[in-house]
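See below for the structure under consideration.
In this text, all values refer to a predicted model and were calculated from it rather than measured experimentally. By convention here, the first residue in the shown sequence is residue 1.
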Amino acid sequence: MNIVHANGFEQDCAITAYTNGSYTVSGTVDPSDTAQAHANSVGYGYGSRSCSISSGGTFQSPAFTPGGGGSFASGTIQFSFYQAGSFANGVIASVIGASGNAICSVESTGSGSTTTLTLKHHTTTLATTTATIAAAAWVKITIIWAVTGSNIQCSLYLDGSLVGRGSTTNSVTVTTGKYKLQAPGSSTAYFDHLVLANDAGPKNNESMWIQGILGDSDDSAGPWTPQSGSTLFEAVDSPVDGNFAKANTGGTFQLTLQGRRDVDARYTDPEVLGVHVSAVAQGDATLTASELQLNLGVSSSTDTYSMTSSVKIVENTVGSKPGGSTWDFTDIDNLKIGYNAS
């Protein structure tokens, strides 16, 4: 899979870090809510947080441009969804193209404790399901689409089973894509384990899970110091606890990360499709650029960001491991993450 973006919503931060990082929000949104989280039972893909959206609220990402000259002519969005109370008619999620219209969307079409779903391309209904989803229960929703010539076909899956498919004339520019999450009911909706890709999805429409991994030791400190305490990894594991890493001159720190067995002794070595790196950061008048660095042996992957005095989230999804090959589950034990300011 060519993963363009992923988020397990385990980054502990306020919503302003996202809005300062070019996300668009309406209503009440908590991107690290501890009230609900979708947990896999086999030792990976669990956490303590999800993204909550109040009734009528929305959470929209910036537009993503696939690397290597790619587009969203084909693509996948998968996420875990939980409606806390009664459903109402309304959009649950959509992928929006460069023209501002939905490449695909899934909508709730009922009310009460269960609902059927409608699959759309822009304003055209492609399928309405006979299958239902229930309130107060997690479900994996996947949409896979492909543009062939002038037509587009979209397919909708619930927990890996096909429940709706249709095709129509494509009316959306697919050079870029962004996702929009919405609460379609009278109470809060929760989203977790979100993956956006510009290809045809996981094999056999399997569920994808995102496992949060924290630093567990300082590899190198450079000019960085913790605001309190003696270690950088403890300073950066939760940016809302009042502790943080800081530097007055340019340079890089690097942390070693938890291994698979540190996360959970039951870890069953799944296929690794990519790694999402995120941090909450703030610049000053001197240091106005930052760089996330993912290191595996002698190879690294970096992404550079322009910084201001506003606290914002910076993130990078790495589909191919440093060095260009596919990830192996043993790579997770050897990863290091770094942050450079200049």
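- Take F81 and apply the ring-ring contact (aromatic ring centres under 6.0 Å, His included) test, not counting sequence neighbours, and it matches F191.
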Verify salt bridge (Lys or Arg N to Asp or Glu O under 4.0 Å) between D219 and K336, making sure each step is shown before the conclusion.
CA-CA 8 Å; D219 184 68; K336 298 177 182 180; 3.2 Å; yes
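- Counting heavy atoms from C-beta on, the side chains of E10 and Q211 never come closer than 4.5 Å.
- Looking at D159 and V139, their side chains come closer than 4.5 Å, going by heavy atoms from C-beta outward.
- A donor-acceptor pair under 3.5 Å is absent between the side-chain atoms of W138 and the main chain of A39, judged by distance alone.
- A 4.5 Å side-chain heavy-atom check between V172 and H121 finds at least one atom pair inside the cut-off.
- No donor-acceptor contact under 3.5 angstrom links the side chains of T176 and T65, judged on distance only.
- Between S342 and N340 the shortest side-chain heavy-atom distance falls below 4.5 Å.
- When ring centroids are compared, Y179 and F79 stay outside the 6.0 Å threshold.
- Between W327 and L273 the shortest side-chain heavy-atom distance does not fall below 4.5 Å.
- Side-chain contact between F253 and L255 is present, with at least one heavy-atom pair separated by less than 4.5 Å.
- For H122, the ring-ring contact (aromatic ring centres under 6.0 Å, His included) criterion is met by no residue, not counting sequence neighbours.
- When atom types are taken as modelled, the side chain of Q83 and the backbone of S187 share a donor-acceptor pair closer than 3.5 angstrom.
- Counted within 6.0 Å of CG on N248, heavy atoms from surrounding residues, nucleotides or ligands total 12 or fewer; the atom is thus considered open.
- Side-chain contact, S50 with D192: no donor N or O sits under 3.5 Å from an acceptor N or O.
- Using modelled atom types and a 3.5 Å distance limit, the side chains of S61 and K178 yield no donor-acceptor pair.
- Side-chain contact of T115 with S108: a donor-acceptor pair under 3.5 Å is present, judged by distance alone.
- Between S186 and S55, the side chains place no donor N or O within less than 3.5 Å of an acceptor N or O (distance only, hydrogens not considered).
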Could you please spell out the steps behind the salt bridge (Lys or Arg N to Asp or Glu O under 4.0 Å) verdict for R49 and D12?
CA-CA 8 Å; R49 304 175 188 276; D12 188 5; 3.3 Å; yes
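- In the model, Q182 has no side-chain atom that pairs as donor or acceptor with a side-chain atom of T58 under 3.5 Å.
- Side-chain contact check for S74 and N198: no donor-acceptor pair (N or O, by modelled atom type) lies under 3.5 Å.
- Defined by atom type and a distance below 3.5 Å, a donor-acceptor pair is present between the side-chain atoms of H276 and E315.
- Side-chain contact between Q60 and I96 is present, with heavy atoms from C-beta onward closer than 4.5 Å.
- In this structure the side chain of I143 never reaches within 4.5 angstrom of the side chain of Y157, judged on heavy atoms.
- Aromatic rings from H38 and Y190 are positioned such that their centres are separated by 6.0 Å or more.
- Side chain of W145 to main chain of F72: a donor-acceptor pair is present (N/O by atom type, distance under 3.5 Å, no hydrogens or angles).
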